Amino acid sequence: MDESKYIQLLEAHGVKPTANRILVARTLATTTQPLSLAELERRIVTIDKSNVFRALTLFREHHLVHAIEGSVDGTRYELCHSDNEDFDEDQHPHFICEVCQQTYCLDGVALPEIALPPGFIGHHVNLIVKGICPHCKH
């Protein structure tokens, strides 16, 4: 993806495309698995760690990243494939391997419908499945 695509992605989510934000989005887009803050900081050595954190916080507010909580090393982040800055259109479950601790996206696996009691308003679903991944089952 060239830089103009990242600019379009950020703008589609109502985020001003600064050089740092483009770099964080590009780094997230070029990975096959969600990354922790520490992993992002190790991959992006050209900007201050606090700028990486601020970009992620802003991305979360604008539904540009999914925050996957529940892994051993804290929250992991992945780019949303949604074009909506108000709602995550592409929510999906995640799998955490209990052996290698890797987090996998389960794209294409539907989230179950959750009927909330009267008066509750849901905004986000975070479904984690834990077990053993195909690489560790041997």
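Numbering of residues begins at 1 and proceeds along the displayed sequence. These figures come from a predicted structure and were not determined experimentally.
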Item to check | Interatomic distance, Thr18 atom OG1 to Leu10 atom CG [nearest 0.5 angstrom] | outcome: 7.5 Å
Next on the checklist: Using every non-hydrogen atom in the two residues, find where Thr103 and Pro34 come nearest and quote the distance to one decimal.
Outcome noted: O-CD, 3.4 Å
Item to check | Residues that Thr32 engages under side-chain contact (heavy atoms from CB on, under 4.5 Å), provided they are two or more places apart | outcome: none
Checklist entry - Where do Ala67 and Asn126 come nearest, in terms of heavy atoms and distance? => result O-ND2, 3.8 Å
Residues 50-60, side-chain donor-acceptor partners within the protein, below 3.5 Å, at least two apart:
{"residue": "Ser50", "atom": "OG", "partner": "Asp48", "partner atom": "OD2", "Å": "2.2"}
{"residue": "Asn51", "atom": "OD1", "partner": "Arg54", "partner atom": "NH2", "Å": "2.3"}
{"residue": "Thr57", "atom": "OG1", "partner": "Phe53", "partner atom": "O", "Å": "3.0"}
{"residue": "Arg60", "atom": "NH2", "partner": "Glu69", "partner atom": "OE2", "Å": "3.4"}

Item to check | Val65 vs Tyr77, side-chain contact (heavy atoms from CB on, under 4.5 Å): CA-CA, chis, key distance, verdict | outcome: CA-CA 6 Å; Val65 294; Tyr77 302 91; 4.2 Å; yes
Checklist entry - Can you check whether His63's main-chain N or O pairs, donor with acceptor, with His13's side chain at less than 3.5 Å? => result yes
Item to check | Arg42 versus Val45, closest heavy-atom pair with distance | outcome: O-CG1, 3.4 Å
Next on the checklist: Can you give me the closest heavy-atom contact between Asp2 and Ser4, atom names plus distance?
Outcome noted: OD1-OG, 2.7 Å
Checklist entry - Asn20 side chain to Leu23 main-chain N or O, any donor-acceptor pair under 3.5 Å? => result no
Checklist entry - Can you tell me if Glu11 uses its side chain to pair, donor with acceptor, with the backbone of Gln8 under 3.5 Å? => result no
Item to check | Short side-chain donor-acceptor distance under 3.5 Å, Gln102 and His135 | outcome: no
Checklist entry - Are Tyr104 and Ile68 connected in the hydrophobic side-chain network, where two residues link if heavy atoms are under 4.5 Å apart? => result no
Checklist entry - Any idea which heavy atoms bring Arg43 and Thr31 closest together, and the distance? => result NH1-CG2, 3.0 Å
Checklist entry - Within a strict 4.5 Å, meaning less than it, do heavy atoms of the Val24 and Ile47 side chains meet? => result yes
Checklist entry - Could you state the interatomic distance from NZ (Lys130) to SG (Cys97), rounded to the nearest 0.5 Å? => result 11.5 Å
Next on the checklist: Quick test of your reading of the model: are Glu3 and Arg26 salt-bridged, counting only N-O distances below 4.0 Å?
Outcome noted: yes
Item to check | Sub-4.5 Å side-chain heavy-atom contact between Leu9 and Lys5 | outcome: no
Checklist entry - Taking side chain as C-beta onward, heavy atoms only, is Cys80 less than 4.5 Å from Leu64? => result no
Item to check | Working for side-chain contact (heavy atoms from CB on, under 4.5 Å), residues Val129 and Ile96 | outcome: CA-CA 6 Å; Val129 178; Ile96 298 175; over 6 Å; no
Item to check | Distance (rounded to the nearest 0.5 Å) between Lys16 NZ and Ile22 CD1 | outcome: 11.0 Å
Next on the checklist: If you compare all heavy atoms of Cys133 against all heavy atoms of Phe95, which two are closest, and at what distance to 0.1 Å?
Outcome noted: N-CE2, 3.8 Å
Item to check | Inter-residue atom distance Leu111.CG - Leu127.CG, 0.5 Å rounding | outcome: 6.0 Å
Item to check | Matching residue for His94 among Glu78, His66, Gln33, Arg76 - test: side chain to side chain donor-acceptor pair (under 3.5 Å) | outcome: Glu78
